[in-house]
Number of protein chains: 2
Amino acid sequence: MASSENTGSSVRRVTMRDVAQLAGVDVAVVSKMLSGDASLSVRESTRERVLRAVAQLDYRPNYAARSLRRSRADAFGLVVPDFHNSVYSGIIDGAQSAANAMNYALLTVSASPTSDEESRLAALFGNGTIDGLLVAGAARADELVRLFRKRGQPVLSVNRRIPGLDRYVILDDFAAARQAVRHLVELGHTRIGHIGGPRDLDTSTRRLDGFFSAMQDAGLAIPTSYIVNADYTPRGGYQAMRSLLELSEPPQAVLAANVTSALGAMSAAYEAGVSIPNDLSLISIHDLDLAEYASPALTVIRMPIYEMGRLAVQLLADTPPNDAIEQVVDTPLELIARHSTSRPHA
Amino acid sequence: MASSENTGSSVRRVTMRDVAQLAGVDVAVVSKMLSGDASLSVRESTRERVLRAVAQLDYRPNYAARSLRRSRADAFGLVVPDFHNSVYSGIIDGAQSAANAMNYALLTVSASPTSDEESRLAALFGNGTIDGLLVAGAARADELVRLFRKRGQPVLSVNRRIPGLDRYVILDDFAAARQAVRHLVELGHTRIGHIGGPRDLDTSTRRLDGFFSAMQDAGLAIPTSYIVNADYTPRGGYQAMRSLLELSEPPQAVLAANVTSALGAMSAAYEAGVSIPNDLSLISIHDLDLAEYASPALTVIRMPIYEMGRLAVQLLADTPPNDAIEQVVDTPLELIARHSTSRPHA
DNA sequence: CTGAAAGCGCTTACAG
DNA sequence: CTGAAAGCGCTTACAG
């Protein structure tokens, strides 16, 4: 009477046998039909009966059984360091889209860099749940990566190069920083500072290199004090900008290595009474919907993050697991000139 | 010679039989030991041999086999509408944390409201991959929800009430809006406007109700033009604020139903030369790291999103699948008074 | 305390 | 064109 008596799996799962029985055929026929076996030719009437039975019973092949039998999961795993970061959101979207296109599942989990997470991750993904592993950015998954490599299962690092792993997809951070600096130089700036990312992170060092390279091309000097490391957060950008503005001769223009730190930097400038872009030009790498609604709207180099996610899954699927993958996404970068940069007004 | 010859699953998977053989016991012993069967008593020396064999072979129980045999997946699924939204990031974090604590996997996917996504989702999660389903916010998963209900498998809607489903966890949006209005009233404001969410979304109507309720308590009139619907985006908030500021007598204070739309609204005020908080006070529901670094820093009602995620998983796991769950998270809301609200200066 | 055996629901040669 | 049978790697009564 009470529907709450109907607990758990009280409803017997419908199985391939049920379908076969209802359609009056052998399970092998059902199996081959449903898995799209090309070598199968069935009489049209049989095909129809099977399809009708499948629909009538709302049959769905059991995942665990299929996976066990074929010893593959038709799934990839993606480990991100943090769900609260639009860079990873973009990677996830791209990766999910590519996975869907090949009828693979994408299982995304976050792994903050605490030690017990490592073994949890290995337990979660190390047992046949996934056929290939994507590790994005600073996510900690060393144990899992070792395991996959040992077993000859494919691994790929996304947006970062992991020491000892010759398989990665990255963006052209070097070119992005160069393009940003060129924009500032073309506007007429000469005193240009840099709010960098975490000191030893792969993306930040490449952006820093690009910054140096473009400054050198332009024949511009870089006082040591003009380079400040932050941590890709609003707070980090805020502090970095403060230290820049406290200099006896502050920069006229700043490249922030990351959009959220740029937004934090804007806040510090506002607080110090420094007007952007009149007193200070600011440009950053990566776009964000909020960047357009900052005051003033932030000028930005938009990076092909979504494309990187897509490409990562495709490479993971299509490259033999022990081949090297050293790929820089070649989708063109895009300068989105908004209102935080202008010619120097001094 | 070339390591690239070692393709695919060339490395034979180590199986429970291998462990049993190496340890000189039956697989049943290994199985019971590894699944923590309480009814098992093994000689200490046997236990040691098994453990050593497991470690030596780096054995990990095959997920598909275990799942097939026990007909459960030890996993929950979470469907979100969008990874680019800190509300869902918070829900994911909370849910993942609770799932980890009970040794369950949490599989998170996004489902934008396009029709073919629906059947893809059903194929992905409808085949025994997960033991329970969480649907967050506006994510479209109707087909999957129906399927789970029919089978007597647990479903729970998070941060939204789905028509016809008496199982949900939501926040106290009503109380949040009331608290926000009270803050403005206490500061001395009387002309208070509201930038609402999408017209028919569950969360926005509850926030709107709270707004009305608190205004009524304060004996304040609400011109129709003071209520503007937006869509929880920066752009929506921007447009809504513009229309508010074009009024012949604009509000002195505004409650934005959502933090990103509040940030967009700030941009419109800035553009119109309206100074916050001098000319206009602004408060919003939900916090965001960037809200603290807006100029001025945004005053906010912080909502227990992470707690909602945790609670959702716990309820999903602990409640019989056909019982009703109608839960409002009772973690206290928190007013974070920053610098976007002040007494009226007129 | 330990072993033998059935079976979860599929897929895949193989036979007819 | 269709059927019978083995087996993927576990878990779980059951027997000893």
Side-chain angles (χ1 to χ4, degrees), chain A residues 8-9 11-51 53-54 57-74 123 126-129 131 151, chain B residues 8-9 11-51 53-54 57-74 123 126-129 131 151:
Chain A
S9 36
V11 184
R12 198 176 68 74
R13 220 159 146 11
V14 11
T15 185
M16 195 176 265
R17 282 189 50 178
D18 301 324
V19 175
Q21 243 155 33
L22 182 59
V25 298
D26 189 272
V27 288
V29 178
V30 180
S31 171
K32 285 175 190 151
M33 262 191 62
L34 260 37
S35 53
D37 186 331
S39 76
L40 178 77
S41 53
V42 261
R43 205 179 297 155
E44 186 51 29
S45 63
T46 311
R47 170 178 302 275
E48 260 177 28
R49 263 182 297 131
V50 171
L51 255 24
V54 166
L57 299 174
D58 196 13
Y59 169 70
R60 291 150 201 275
N62 180 281
Y63 172 77
R66 163 178 290 206
S67 172
L68 173 60
R69 185 52 237 243
R70 306 172 60 190
S71 51
R72 34 182 266 233
D74 287 350
N127 55 9
T129 315
D131 303 321
R151 291 201 198 136
Chain B
S9 37
V11 184
R12 197 176 69 75
R13 223 164 142 7
V14 11
T15 185
M16 196 176 266
R17 281 187 51 175
D18 301 325
V19 175
Q21 242 155 35
L22 181 58
V25 297
D26 189 273
V27 288
V29 177
V30 180
S31 172
K32 285 174 190 153
M33 262 191 61
L34 259 38
S35 55
D37 186 330
S39 76
L40 178 77
S41 53
V42 263
R43 205 179 298 156
E44 186 50 32
S45 63
T46 311
R47 168 177 304 275
E48 259 178 27
R49 262 181 297 131
V50 171
L51 256 24
V54 166
L57 299 174
D58 197 12
Y59 168 70
R60 290 152 202 275
N62 180 279
Y63 172 77
R66 163 178 291 205
S67 171
L68 173 60
R69 183 54 235 242
R70 305 172 60 191
S71 52
R72 33 181 267 234
D74 287 352
N127 55 10
T129 316
D131 302 320
R151 292 201 196 137

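Convention: sequence-line order gives letters A, B, ...; per-chain numbering from 1.
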Engineer: Testing the basics here: between B:Asn62 and B:Arg13, what is the closest heavy-atom pair and its distance to 0.1 Å?
Structural biologist: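 What the structure gives for the nearest pair is ND2-NE, 3.7 Å.
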Engineer: Which part of the nucleic acid, if any, lies within contact of A:Thr15, taking any heavy atom under 4.0 Å across all strands shown: a base, the sugar-phosphate backbone alone, or nothing?
Structural biologist: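 Here A:Thr15 touches the backbone only, sparing every base.
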Engineer: What's B:Ser67 touching, base or sugar-phosphate or nothing? Going by heavy atoms closer than 4.0 Å.
Structural biologist: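 It contacts nothing in the nucleic acid.
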Engineer: On DNA chain D, compare the nucleotides closest to A:Gly24 and B:Met16; which residue's is nearer the 5' end?
Structural biologist: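 Whichever sits nearer the 5' end wins; that is A:Gly24.
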Engineer: If pairs are Watson-Crick or G-U with both distances under 3.5 Å, what is the dot-bracket string of DNA chain C, marking crossing pairs with [ ] and pairs to another strand with |?
Structural biologist: |||.||||||||.|||
Engineer: Kindly give the heavy-atom pair with the smallest separation between A:Thr129 and A:Tyr63, and that separation in Å.
Structural biologist: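 Closest heavy-atom pair between A:Thr129 and A:Tyr63: O-OH, 4.0 Å.
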Engineer: Which heavy atom of A:Asp26 sits nearest to which heavy atom of A:Ala20, and what is that distance?
Structural biologist: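 Shortest heavy-atom contact: C-CB, 3.9 Å.
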Engineer: Which atom names give the shortest non-hydrogen contact between B:Met16 and B:Val27, and what distance separates them?
Structural biologist: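 Closest pair (atom of B:Met16, atom of B:Val27, distance): SD-O, 3.7 Å.
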Engineer: Do you know which two heavy atoms are closest between A:Thr15 and A:Tyr59, and how far apart they sit?
Structural biologist: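 Heavy atoms only, the tightest pair is C-CE1, 3.5 Å.
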Engineer: Would you mind telling me which residue lines up with the more 5' stretch of DNA chain C, A:Val14 or B:Ser45, judged by nearest nucleotide?
Structural biologist: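 Its nearest nucleotide lies further toward 5', so the answer is B:Ser45.
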Engineer: Using a 4.0 Å heavy-atom cut-off across all strands, classify B:Tyr63 as base, sugar-phosphate, or nothing.
Structural biologist: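 Nothing, no heavy atom under 4.0 Å.
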Engineer: With A:Asp74, which residues qualify under side-chain hydrogen bond (donor to acceptor under 3.5 Å, both in side chains), at least two apart?
Structural biologist: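 Per chain and number, A:Asp74 pairs via side-chain hydrogen bond (donor to acceptor under 3.5 Å, both in side chains) with A:Arg72.
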Engineer: Locate the shortest heavy-atom distance separating B:Val54 from B:Val19; write the atom from each residue and the value.
Structural biologist: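 Reported closest heavy-atom pair: CG2-CG1, 3.8 Å.
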Engineer: Side chain of A:Asp131, backbone of A:Ala73: donor and acceptor closer than 3.5 Å?
Structural biologist: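 A pair under 3.5 Å: yes.
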Engineer: On DNA chain C, check which nucleotide each of B:Leu68 and B:Val27 is closest to and give me the residue with the more 5' one.
Structural biologist: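 Of the two residues, B:Val27 wins.
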Engineer: Could you give the start and end, 5' to 3', of the contact zone on DNA chain D for chain A, using atoms under 4.0 Å from its heavy atoms?
Structural biologist: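 Reading along DNA chain D, I get D:dC1 to D:dG9.
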